[in-house]
2 protein chains.
Amino acid sequence: MDHLETRELRYFVAVAEELHFGRAAVRLGIAQPPLSRAIRQLEHRLGVRLLDRDRRGAALTGAGEVLLREARAALDAVAAAARRTQRAGDSKRPLVLVTKAGASHELLQRLLGVLADEPGAPPVEVLLCEVGEQARLLRDGSADVALMHRPFDDLTGFDTEDLLVEGQIALLPAGHPLASRDQLTLAEVRDVPGLPIARWPRLDGSYPDGPGPQVRTQSQLAQLVALGRTLLVIPASSRAWQWPDHVAVPVVDAPEATTVIAWPPSSRSREVASLVRSAAGLRGTAPPVHPPG
Amino acid sequence: MDHLETRELRYFVAVAEELHFGRAAVRLGIAQPPLSRAIRQLEHRLGVRLLDRDRRGAALTGAGEVLLREARAALDAVAAAARRTQRAGDSKRPLVLVTKAGASHELLQRLLGVLADEPGAPPVEVLLCEVGEQARLLRDGSADVALMHRPFDDLTGFDTEDLLVEGQIALLPAGHPLASRDQLTLAEVRDVPGLPIARWPRLDGSYPDGPGPQVRTQSQLAQLVALGRTLLVIPASSRAWQWPDHVAVPVVDAPEATTVIAWPPSSRSREVASLVRSAAGLRGTAPPVHPPG
DNA sequence: AGCTCTGATACCGGCCCGGTATCAGGCGGT
DNA sequence: ACCGCCTGATACCGGGCCGGTATCAGAGCT
């Protein structure tokens with residue numbers, strides 16, 4: 001058996017995602033017949049049936065599901081190789097640090113402040129992304145390091161260093177009965193009448209069933225809270241993006257949220273190591289969870 | 001910029017490892033001119049110089065070193081995609097568990113025993129490898145799970161579950177003065193006259209400098225100990241491969257060794273999950289470190 | 001039956017990969 | 001200084017494979 005080419009993997013991923021040869025071909029910018037042939041060759045090469053063709057499209061076999069998952073990871077690795085190599089070519093390129101927009105704002109500010117003061121520190125470019133995108137940007141080489149949050153983000157496959165452990169708060173619309181409380185419990189927050197928890201898209205882009213509004217970005221979420229349509233429980237440091245119409249109330253029994261700095265285990269460059277060291281130096285200097293007074 | 005193909009990565013890795021276009025071409029089974037052209041195209045495509053050509057061969061640039069590391073990881077991921085897909089095609093294929101030959105022998109025996117008794121457990125094929133090979137076999141899809149040892153093995157990029165924490169022992173030639181001791185300390189074991197620590201090959205195949213003998217396999221090592229040429233400090237459970245000519249003495253202040261079960265984060269199949277669960281069920285049943293009596 | 005939508009097949013042209021032959025240049029030996 | 005020798009680079013050619021167009025085959029629907 002000789003080696004797979006990324007072209008074959010890209011073609012397969014397109015078909016597996018569209019479950020339709022014609023649409024996949026359009027997405028790839030080629031015609032349908034060569035695509036059918038390529039998939040057939042791939043199946044023959046691997047000796048495994050990947051798709052069950054049908055009059056109304058195609059369906060993944062068990063092996064096809066495995067290959068879809070593996071192929072995505074492999075393509076990310078190849079893309080990462082290209083991106084990281086190109087960035088290694090630019091001498092004195094900045095490191096890219098990615099974080100969820102709005103999360104861990106104080107920590108990030110302090111980190112950037114420390115780096116600005118240190119003469120030897122590498123320049124850092126901050127890339128803000130939406131929820132759940134950090135892992136992909138880190139995996140495919142678009143970013144060098146990420147601030148992520150345990151237990152919310154998927155940290156598998158990364159090296160991490162804990163930076164900050166904090167409690168969580170409920171973010172409520174100002175004026176809501178619960179907003180005047182000093183503290184809340186998870187049981188009180190769950191199933192609040194008229195304030196269902198918002199629903200995030202799954203990895204495949206579909207939404208779970210439920211009563212809450214569908215959201216895709218944090219600004220959508222922030223506005224929905226301000227409009228009195230939903231509430232959320234988030235790490236205390238996310239208060240940074242609190243609106244005037246928001247009220248934050250500590251949730252005393254919520255699991256602790258840990259902010260970590262994460263990087264791909266393969267990229268152990270001096271610059272990344274230095275950045276991680278600077279970040280680790282901030283550990284234990286968490287601001288108080290409750291506002292003073 | 002369009003996409004890299006694995007062919008280009010394989011070619012580059014060959015050249016980067018050989019540092020010689022001619023030898024790399026032989027290894028790849030192609031002629032030298034197309035290889036030179038392919039590398040040149042790759043450099044042009046990435047917009048980065050990867051190799052400094054020279055009258056006596058080639059040398060990696062900084063970007064080249066990055067690409068070598070990344071390309072190896074990417075090629076492993078692609079190979080893993082192929083292997084895992086093929087194995088997914090065989091219905092009721094056994095899971096492959098890889099471990100260092102001789103390590104954690106009792107734990108492995110107990111694990112296999114438990115799995116044999118459980119009716120729903122997946123069949124397991126055991127693959128024994130040499131030191132440091134587990135990570136690669138796991139990464140490239142040749143194995144589904146591995147028994148590895150912290151802090152000795154490189155666990156980056158894998159999900160793990162701790163199975164067994166144990167002390168370490170010194171394995172000495174029978175008849176050596178230290179062999180009659182009840183226990184030893186690291187300081188005593190270090191720099192024993194006439195018993196230098198053996199040297200293992202680095203990732204690139206070269207050996208570090210030092211007085212000890214060069215070894216590549218555990219059986220070489222075992223024999224060298226029996227011959228009175230070296231000593232080693234290993235987890236207590238590795239006594240399983242103790243020879244009659246070996247004597248094991250606990251090293252009281254050696255760092256603890258943890259046996260973990262590891263698997264690629266991408267392969268979260270039911271079978272792997274079930275195997276990990278069975279293995280985790282053995283936790284805390286470590287045999288005593290000191291032989292009874 | 002006929003339309004439509006699916007993927008499969010047939011065939012052809014162009015590109016790119018890989019081979020052979022050759023070149024260019026630095027180094028070492030006598 | 002000459003000549004081999006080794007390095008990678010260049011030139012050119014042939015074939016295979018990829019991708020395009022045209023067409024087929026079969027099932028569901030009206």
Side-chain angles (χ1 to χ4, degrees), chain A residues 1-61 63-65 67-68 71 75 78 82, chain B residues 1-61 63-65 67-68 71 75 78 82:
Chain A
M1 168 205 97
D2 63 312
H3 299 262
L4 292 185
E5 288 302 325
T6 63
R7 184 183 58 87
E8 312 179 78
L9 295 179
R10 275 181 286 121
Y11 286 8
F12 173 75
V13 168
V15 175
E17 286 179 356
E18 299 286 346
L19 294 178
H20 190 288
F21 281 74
R23 284 195 297 273
V26 170
R27 191 169 112 182
L28 292 167
I30 66 171
Q32 169 259 320
L35 178 58
S36 288
R37 190 179 54 191
I39 299 295
R40 187 158 292 280
Q41 283 174 346
L42 179 60
E43 289 181 321
H44 188 258
R45 180 106 66 90
L46 293 174
V48 170
R49 186 147 204 84
L50 299 171
L51 294 158
D52 286 324
R53 279 77 156 175
D54 191 87
R55 14 228 151 286
R56 47 186 148 286
L60 285 171
T61 64
E65 285 178 33
L67 184 58
L68 176 56
L75 291 175
V78 171
Chain B
M1 169 203 97
D2 63 311
H3 299 262
L4 293 186
E5 288 301 326
T6 64
R7 185 183 59 84
E8 312 180 79
L9 295 179
R10 276 181 285 121
Y11 286 8
F12 174 74
V13 169
V15 175
E17 285 179 356
E18 299 285 347
L19 294 177
H20 191 288
F21 282 74
R23 284 196 297 273
V26 169
R27 191 170 114 185
L28 292 167
I30 66 171
Q32 170 259 319
L35 178 58
S36 288
R37 189 178 54 191
I39 300 294
R40 188 158 290 282
Q41 284 174 345
L42 178 61
E43 288 180 323
H44 188 258
R45 180 108 64 90
L46 292 174
V48 170
R49 185 147 205 85
L50 299 170
L51 294 159
D52 286 323
R53 278 79 156 174
D54 191 87
R55 12 232 152 281
R56 49 186 147 284
L60 286 171
T61 65
E65 283 177 34
L67 184 58
L68 176 57
L75 290 175
V78 172

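What you are looking at is a predicted structure, and each value in this text was computed from that prediction instead of being measured.
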Do [X] and [Y] come within less than 4.5 Å of each other through their side chains, counting heavy atoms only?
X       : Y       : answer
A:Leu4  : A:Leu42 : yes
A:Leu67 : A:Leu46 : yes
B:Tyr11 : B:Arg7  : yes

Margin query: Could you walk me through whether A:Val78 and A:Leu9 satisfy the side-chain contact (heavy atoms from CB on, under 4.5 Å) test, starting with their C-alpha distance in whole Å, then the side-chain angles of each, then the deciding distance to 0.1 Å, before giving a yes or no?
Written below: CA-CA 11 Å; A:Val78 171; A:Leu9 295 179; over 6 Å; no
Could you go over nucleotides 16-21 of chain D and give all protein N or O partners under 3.5 Å, atom names and distances?
unit_1: D:dC18; atom_1: OP1; unit_2: A:Arg7; atom_2: NH2; d: 3.1
unit_1: D:dC18; atom_1: O5'; unit_2: A:Arg7; atom_2: NH2; d: 3.2
unit_1: D:dG19; atom_1: OP1; unit_2: A:Tyr11; atom_2: OH; d: 2.7
unit_1: D:dG19; atom_1: OP2; unit_2: A:Arg7; atom_2: NH1; d: 3.3
unit_1: D:dG19; atom_1: OP2; unit_2: A:Tyr11; atom_2: OH; d: 3.4
unit_1: D:dG19; atom_1: N7; unit_2: A:Arg37; atom_2: NH2; d: 2.3
unit_1: D:dG19; atom_1: O6; unit_2: A:Arg37; atom_2: NH1; d: 3.2
unit_1: D:dG20; atom_1: OP2; unit_2: A:Ala31; atom_2: N; d: 2.6

Next item on the list: May I ask you to say whether A:Arg10 pairs ionically with B:Glu5, meaning some side-chain N is under 4.0 Å from a carboxylate O?
Entry: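 Yes, charged N to carboxylate O under 4.0 Å.
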May I ask you to verify if any side-chain N or O of [X] is less than 4.0 angstrom from the OP1 or OP2 atom of [N]?
X       : N     : result
A:Arg56 : C:dT6 : no
B:Arg53 : D:dA9 : yes
A:Ser36 : C:dA8 : yes

In whole angstrom, what separates [X]'s [atom1] from [N]'s [atom2]?
X       : N      : atom1 : atom2 : value
B:Leu42 : D:dA9  : CG    : C1'   : 17 Å
B:Leu35 : C:dC17 : CG    : C1'   : 12 Å
A:Ile39 : C:dG7  : CD1   : P     : 11 Å
A:Arg40 : C:dT6  : CZ    : P     : 18 Å
A:Arg55 : C:dT6  : CZ    : P     : 14 Å

Listed by chain and number, what are the side chain to side chain donor-acceptor pair (under 3.5 Å) partners of [X], not counting sequence neighbours?
X       : answer
A:Thr61 : none
B:Gln41 : none
A:Gln32 : A:Ser36

Checklist line | Residues touching DNA chain C, which here means a heavy atom under 4.0 Å, drawn from residues 14-27 of chain B | finding: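 Residues of residues 14-27 of chain B under 4.0 Å from DNA chain C: none.
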Item checked: Pairs touching residues 48-60 of chain A that satisfy side-chain hydrogen bond (donor to acceptor under 3.5 Å, both in side chains), sequence neighbours left out ->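 Output for this query lists A:Glu43-A:Arg53.
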